[in-house]
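Notes to accompany the following structure.
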Amino acid sequence: MKIVLTGVCGFAGSTIAEGLLAAREGLKIIGVDNLSRPGSELNRRALSKMGVEVRHLDIRSASDIETLEPADWVIDAAANPSVLAGVAAGSTSRQRH
């Protein structure tokens, strides 16, 4: 079974990935993260050692998401690290090109 897990290098995403791999054999987890947090690289290394394929992609960018192949499940654990991101008038968390 193939799972795409967004926000994989964050606390929730990395915990979910570890739990899934411990609970079920034969899973392929493709982890997606924009690696914007300073601690992301630490989790990235640990996840790779567990067998998670970590990809540096941003789910706010449609062109990044289009590079993903089909999966059986998508688990969204991505979060904006700042609660102020959507507060200002006219602001958005959507990636602009």
Side-chain angles (χ1 to χ4, degrees):
M1 178 184 306
K2 186 188 304 183
I3 297 172
V4 170
L5 177 54
T6 66
V8 73
C9 290
F11 174 77
S14 61
T15 302
I16 291 168
E18 185 176 1
L20 287 170
L21 290 170
R24 186 160 183 178
E25 291 184 27
L27 289 181
K28 177 176 182 178
I29 298 178
I30 298 172
V32 174
D33 204 290
N34 67 5
L35 304 174
S36 64
R37 293 180 331 100
S40 296
E41 281 301 323
L42 295 174
N43 283 340
R44 183 181 194 175
R45 283 188 289 262
L47 289 162
S48 293
K49 287 180 183 177
M50 285 187 268
V52 176
E53 181 184 330
V54 180
R55 296 189 188 173
H56 183 188
L57 300 175
D58 194 325
I59 63 167
R60 298 172 297 170
S61 173
S63 61
D64 280 3
I65 296 303
E66 290 168 356
T67 66
L68 293 169
E69 61 273 3
D72 299 301
W73 291 92
V74 175
I75 300 173
D76 183 14
N80 197 321
S82 171
V83 296
L84 300 176
V87 173
S91 70
T92 179
S93 61
R94 190 77 155 152
Q95 188 77 1
R96 297 175 199 254
H97 294 286

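Since the structure is predicted, the reported quantities are computational estimates derived from the model, not experimental observations.
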Quiz item: Are any non-hydrogen side-chain atoms of V32 and D64 less than 4.5 angstrom apart?
Solution: no
Practice problem: Group every Ile, Leu, Val, Met, Phe, Trp and Tyr by side-chain heavy-atom contacts under 4.5 Å, then state whether V4 and W73 land in the same group. | Solution: no
Quiz item: Would you say the side chain of K28 lies within less than 4.5 Å of the side chain of M1, judging by non-hydrogen atoms?
Solution: no
Practice problem: Please report the closest heavy-atom contact between S40 and D33, naming both atoms and the distance. | Solution: OG-OD1, 4.2 Å
Self-check item: E69/R55 salt bridge by N-O under 4.0 Å criterion
Solution: yes
Self-check item: S14 OG to M50 CE distance, which is reported to the nearest 0.5 Å
Solution: 7.0 Å
Quiz prompt | Point-to-point distance, once rounded to the nearest 0.5 Å, from SG of C9 to CG of L42 | solution = 9.5 Å
Exercise. Report yes if some heavy atom in the side chain of L21 is under 4.5 Å from a heavy atom in the side chain of L27; otherwise report no.
Key: yes
Exercise. Applying side chain to side chain donor-acceptor pair (under 3.5 Å), name anything that partners T6, two or more places apart in sequence or on another chain.
Key: D76
Self-check item: I75 reachable from L57 in the ILVMFWY side-chain graph, under 4.5 Å edges
Solution: no
Quiz item: Taking atom CD1 of I29 and atom CZ of R24, what is their separation to the nearest 0.5 Å?
Solution: 11.0 Å
Quiz item: Taking the side chain as C-beta and beyond, is there a heavy-atom pair between L35 and E41 under 4.5 Å?
Solution: yes
Quiz item: Under a 4.5 Å cut-off applied to non-hydrogen side-chain atoms, are V8 and V54 in contact?
Solution: yes
Quiz item: Can you name the one residue among D72, V74, L20, I30 that meets side-chain contact (heavy atoms from CB on, under 4.5 Å) with I3?
Solution: L20
Quiz item: If you look at every heavy atom in I59 and A78, which pair is closest and at what distance?
Solution: CD1-CB, 3.6 Å
Self-check item: Distance-minimising heavy-atom pair for G13 and L5
Solution: O-CD2, 3.3 Å
Practice problem: Say whether, by atom type as modelled, one donor and one acceptor occur between the side chain of S61 and the main chain of D58 under 3.5 angstrom. | Solution: no
Quiz prompt | Where G10 and N43 come nearest, the two heavy atoms and their spacing | solution = O-ND2, 4.0 Å
